[in-house]
Amino acid sequence: MTDTRYLVHGVFWDGQPASVKGHDGGAPVLRLQAPSGDFRHISLHPGARIGFQVEDRGRSCLGHLRVHSSTRRDHVLCAARALAAKGKQCERCFMLDESRLIHDFHRGGRVTPGLRDYLMQEHWLYVATFAGGSTKVGTASGPRKWNRLAEQGAVVARYVARAQDGRVVRILEDLVTGETGLAQQVRSAAKSEALLQPLQDAKLGTMNSGHASEVRGLLARTGVEGFTVVDEPWVRPAQASALYRPGSRHTYPHSLDNGRHGFEIAALSGPNALARLDGTDAVFVMNLGRLAARTIVLGDFVSDVPSVQESLF
Ligand SMILES: [Zn+2]
């Protein structure tokens with residue numbers, strides 16, 4: 001057991017894409033940062049056990065990103081080791097974070113040379129549907145084409161356009177939202193809640209292809225240049241499947257803002273885990289993304305099973 005205090009950055013799916021239906025993909029991890037700045041990754045594959053205690057000190061600043069090129073970026077530690085002011089950053093790191101500028105580039109916003117290199121690479125426009133039927137339009141850079149959708153926890157998704165760069169793809173994204181009303185974000189709380197009672201796969205598939213076909217129709221008529229319309233399904237990672245099947249499951253009964261937790265991962269969809277607790281057959285849905293910017297100590301901890309088990313059923 002170690003008593004290193006790690007800052008949690010969140011759940012990341014950075015590995016190889018799932019290439020065929022039924023394959024795991026992305027090798028998802030919980031990314032931790034030691035006080036020295038070194039990163040450590042805890043695997044979240046089905047069957048993995050994880051135990052930690054959350055320090056009762058609120059959220060700390062996660063630092064900021066510096067983008068050097070399409071393939072190279074640095075994560076800079078918060079110099080002040082400050083508490084987080086907004087979300088997961090202090091005011092200073094929020095201002096210094098270059099990824100913030102990405103969203104204004106297509107409206108003529110200024111970017112650094114490194115960020116320009118990143119933005120000028122190929123990007124994809126996708127339509128993603130989540131467990132409750134919420135559907136969004138979104139963008140992914142070429143190298144993270146698959147991973148971005150895995151990180152979001154899409155149940156069904158397809159790519160609808162391949163754009164020459166990150167400027168064109170965001171013009172298309174705004175066009176789609178303006179003309180079809182498709183959102184660019186689905187709240188993470190809504191995603192977690194939907195996993196308690198996911199809609200049937202076939203129904204989600206029909207919803208997704210309906211929206212995607214409407215978007216492709218719109219794209220075929222636009223005067224925007226620099227992209228091609230495509231119809232390419234996203235292959236979802238098999239380690240998420242157990243979360244999308246019908247079955248009885250419950251909201252994890254403890255807050256991840258503090259306390260001791262320990263469980264086995266049964267499945268993972270984006271940052272949402274299906275967890276098995278010792279001493280009960282019930283399974284629980286929890287959003288591990290809630291740990292981001294929290295400080296944890298790893299250890300052989302075990303989550304308490306809710307005392308009145310019947311109340312779960
Ligand atoms: Zn900071």
Side-chain angles (χ1 to χ4, degrees), residues 2-14 28-42 44 50 52-107 109-119 138-141 143-144 147-148 151-153 166 170 184-185 187-189 191-192 255-259 261 270-272 286-299:
T2 163
D3 58 0
T4 304
R5 285 170 164 69
Y6 291 102
L7 189 55
V8 181
H9 279 253
V11 174
F12 291 82
W13 293 69
D14 276 338
V29 296
L30 188 65
R31 183 179 292 166
L32 309 180
Q33 192 172 29
S36 63
D38 291 341
F39 284 99
R40 174 172 178 177
H41 294 128
I42 307 291
L44 299 175
I50 175 168
F52 53 87
Q53 175 172 328
V54 185
E55 301 266 295
D56 218 349
R57 65 202 265 177
R59 292 178 195 270
S60 301
C61 175
L62 290 183
H64 64 273
L65 267 186
R66 200 171 286 159
V67 182
H68 299 290
S69 71
S70 61
T71 50
R72 215 165 61 78
R73 52 178 63 190
D74 270 344
H75 187 269
V76 185
L77 273 175
C78 178
R81 312 224 162 194
L83 288 178
K86 43 177 85 181
K88 306 165 197 171
Q89 288 173 308
C90 70
E91 294 277 2
R92 182 172 174 275
C93 290
F94 175 78
M95 291 310 292
L96 290 171
D97 200 300
E98 294 183 354
S99 64
R100 190 171 52 91
L101 306 172
I102 288 176
H103 309 287
D104 286 327
F105 182 55
H106 67 296
R107 299 187 199 107
R110 288 188 48 213
V111 294
T112 61
L115 199 54
R116 170 173 292 274
D117 187 53
Y118 165 81
L119 283 164
T139 73
S141 66
R144 302 208 84 239
N147 309 75
R148 176 121 181 94
E151 259 161 28
Q152 301 217 0
R170 284 182 181 79
Q184 296 182 9
Q185 273 198 335
R187 282 183 317 113
S188 66
K191 290 182 195 171
S192 308
S255 162
L256 288 174
D257 295 352
N258 50 46
H261 309 265
N272 287 294
M286 66 173 72
N287 180 3
L288 292 173
R290 302 263 325 157
L291 287 171
R294 301 268 173 200
T295 302
I296 65 170
V297 175
L298 296 174

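Fair warning: this is a prediction, and the values are worked out from it, not measured in the lab. Both counts, for ligands and for their atoms, begin at 1 and track the order of listing. Numbers here are sequence positions counted from 1.
- The number of protein N, O or S atoms lying under 2.8 Å from the Zn ion (ligand 1) is 4.
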**Request:** Could you walk me through whether Leu101 and Arg110 pass the side chain to side chain contact (heavy atoms under 4.5 Å, CB included) test, one step at a time?
**Result:** CA-CA 7 Å; Leu101 306 172; Arg110 288 188 48 213; over 6 Å; no
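- With sequence neighbours excluded, the residues forming a ring pair (Phe, Tyr, Trp, His ring centres under 6.0 Å) with His75 are His9, Phe39, listed by chain and number.
- No side-chain heavy atom of His106 sits less than 4.5 Å from a side-chain heavy atom of Leu119.
- Applying the side-chain contact (heavy atoms from CB on, under 4.5 Å) criterion to Gln53, with sequence neighbours excluded, gives Arg260, Phe301.
- When all heavy atoms are compared, the tightest approach of Cys90 to Cys61 is N-SG, 3.2 Å.
- Counting only residues at least two apart or on different chains, no side chain to side chain donor-acceptor pair (under 3.5 Å) pair has a member in residues 56-67.
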